Amino acid sequence: MKAEIDRVPASRAALALALPTHGVAVSPDVTPEAIAEAALIQGIAVEVHKAAVSLGLDDLAQALKPAATAITLNGMHMFVMTNRLVALFESAGIPSSVVKGFGLAQLTRANPFGRPATDMDLLIPPDRVVAAHRLLLSRGGSLLPGYIPPDESRAFSVLLRLRHEATYGFEGQSLDLHWHLGSARRILPTTKDALARSVTVETRGFRLPTLGVHDALVHSAVHWRMSGFRGLKYVLDLEALRAKLSPDELSALQPFVKRVLIVARKLRTSTPQAQPTGWVPRSMWHQAYNGLSSNGRGGIIDTRVRLASLVAQLRDTPGPDRLVVPLNVGVGPALRQYRRVRGL
């Protein structure tokens, strides 16, 4: 814990440099190496490097240059791969929209290739999942293992994720195929609405559909909260998206999303000294959490099926149709009971 707490001043300095209004003095007690490490951990290395260059912080700029270059080149590669996937789905009559990744970076960053990405995320209609699955397999893709648990030991996390996405290997990259934006159904927009409100972003002659500003903000807020507020890159995302919405649009946001925006704004103005890197104060964590619905998971759909029978059903369903089992079968009460029994 001591090592994590010691990195907090460096994380504060990195975030201050990454924000568009950077201009705070960097404490001499924080070394360029520490700031560079914090920037990498927090996913803001490209922005901190750019600020270091503009402010003449040569040691910091030098420390971050290799990472910033590598992140940008990887972003370009992921951008090309995402274009290929969108075109592949379009040729098969499967509408899609980019979630996170390049699409979000285009809306929130000066360098659209500078937001770190380790995979690609695409949203498609639920009734096109099996068609997309078979299309990916026909082009050499594969559903990554681990989605059907051999017993109940991993059933909670696996089934919760299978309510909305599955991961594929495709041409050496990882693709998260979403048919819903997440498990917090009462907060997140429906797939139909998100696809209808998608916007087209253009870079270097390529055009990609991605979530609209409102939906990107709501999804980013939920994703950041559900990940435990890890990654200061979400502060940059949420602040940039917030600035694109009108006062009326901001006022109409759900209380949960507003509370997460408060967390981002407070982190922007003062990163706590006594908190591990990437986390917010516990009192703020609880404040944001209070916006969730009473079941604690943002509204998982109710069901009458038991967990054990659903696990068995998934195991016994052959081929690509295995993916459609969770689509129309809610797993909420069974999972909640499972969490209580397992103490989760």
Side-chain angles (χ1 to χ4, degrees), residues 43 46-47 50 69 71-129 131-136 138-141 164-165 167-182 188-220 223 233-234 236-246 249:
V46 171
E47 289 77 18
K50 180 181 178 181
T69 301
I71 291 170
T72 300
L73 291 175
N74 179 69
M76 292 178 177
H77 175 67
M78 299 296 281
F79 168 67
V80 172
M81 288 294 299
T82 303
N83 269 282
R84 292 177 60 183
L85 276 168
V86 169
L88 176 64
F89 283 178
E90 185 178 358
S91 68
I94 303 174
S96 65
S97 185
V98 179
V99 181
K100 300 186 297 183
F102 172 81
L104 181 58
Q106 183 77 0
L107 296 175
T108 63
R109 309 298 174 97
N111 178 356
F113 306 113
R115 191 178 189 276
T118 57
D119 59 13
M120 299 169 287
D121 293 80
L122 287 181
L123 177 69
I124 64 171
D127 60 359
R128 304 295 286 155
V129 171
H133 176 82
R134 290 171 173 157
L135 177 62
L136 290 169
S138 72
R139 298 302 179 95
H164 56 88
E165 66 178 292
T167 300
Y168 293 80
F170 185 77
E171 296 188 6
Q173 300 297 327
S174 177
L175 165 66
D176 283 346
L177 190 66
H178 301 253
W179 46 92
H180 297 294
L181 284 173
L188 291 164
T190 66
T191 301
K192 180 179 179 180
D193 288 344
L195 289 172
R197 293 194 293 252
S198 289
V199 298
T200 300
V201 294
E202 184 171 357
T203 295
R204 303 189 179 187
F206 292 96
R207 295 168 59 85
L208 276 180
T210 190
L211 296 182
V213 172
H214 173 274
D215 294 340
L217 184 146
V218 173
H219 179 261
S220 295
H223 194 274
K233 63 183 179 182
Y234 284 99
L236 303 189
D237 296 334
L238 291 171
E239 287 292 292
L241 292 168
R242 177 213 293 266
K244 295 177 183 292
L245 294 181
S246 69
E249 289 172 319

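These numbers were taken from a predicted model, which means no experiment stands behind them.
To the nearest 0.5 Å, atoms CE (M81) and CZ (F102) are separated by 15.0 Å. Going from atom CG of L188 over to atom CG of D193 covers 12.0 Å, rounded to the nearest 0.5 Å. Atom CG of L136 and atom CD of E171 lie 10.0 Å apart (nearest 0.5 Å). Within the model, atoms CG of L241 and CG of L236 stand 10.5 Å from one another, a figure rounded to the nearest 0.5 Å. Rounded to the nearest 0.5 angstrom, E90 CD and L85 CG are separated by 12.5 Å. Distance OG1/T118 to CE/M78: 6.5 Å, rounded to 0.5 Å.
Just one of R109, K100, H219 meets the side chain to side chain donor-acceptor pair (under 3.5 Å) condition when paired with D237; it is R109.
In plain terms, the two heavy atoms of P112 and A110 that are nearest each other are CD-O, 3.4 Å. Taking both residues in full, the closest heavy atoms of G114 and I71 are given as O-CG2, 3.6 Å, listed atom of the first, atom of the second, then distance. Contact between D215 and P189 at its shortest, heavy atoms only, is OD1-CG, 3.6 Å. Nearest heavy-atom pair across S97 and S198 is OG-OG, 2.8 Å. Nearest heavy atom pair, residue R128 against residue I94, reads NH2-CG1, 3.5 Å. Taking both residues in full, the closest heavy atoms of L123 and W179 are given as CD1-C, 4.0 Å, listed atom of the first, atom of the second, then distance.
For the pair R115 and Y234, the cation-pi test (distance below 6.0 Å, angle within 45°) is passed.
Side chains of L177 and F170 form no contact here, defined as non-hydrogen atoms less than 4.5 Å apart. You'll find the side chain of E47 stays beyond 4.5 Å of the side chain of K233, heavy atoms only. Put simply, the side chain of F113 does not reach to within 4.5 Å of the side chain of V46, judged on heavy atoms. Between D119 and T167 the shortest side-chain heavy-atom distance does not fall below 4.5 Å. Looking at H178 and D121, their side chains come closer than 4.5 Å, going by heavy atoms from C-beta outward. Residues L211 and L181 have side chains in contact (heavy-atom distance under 4.5 Å, counting atoms from C-beta outward).
Looking at S96, its side chain never comes within 3.5 Å of a backbone N or O of V86 through a donor-acceptor pair. Counting only distance, with no hydrogens or angles, the side chain of S220 and the backbone of L217 share no donor-acceptor pair below 3.5 Å.
In summary, the side chains of Q106 and T210 do not present any donor paired with an acceptor at a separation below 3.5 Å, with no hydrogens or angles considered.
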Original post:
M120 and Q173: side-chain contact (heavy atoms from CB on, under 4.5 Å), yes or no, with the steps?
Top reply: CA-CA 8 Å; M120 299 169 287; Q173 300 297 327; 3.6 Å; yes

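By the side chain to side chain contact (heavy atoms under 4.5 Å, CB included) test, P95 pairs with P125, sequence neighbours left out. With sequence neighbours excluded, no residue forms a ring-ring contact (aromatic ring centres under 6.0 Å, His included) with F89.
Atom CZ of R242 has more than 12 neighbouring heavy atoms from other residues, nucleotides or ligands inside a 6.0 Å radius.
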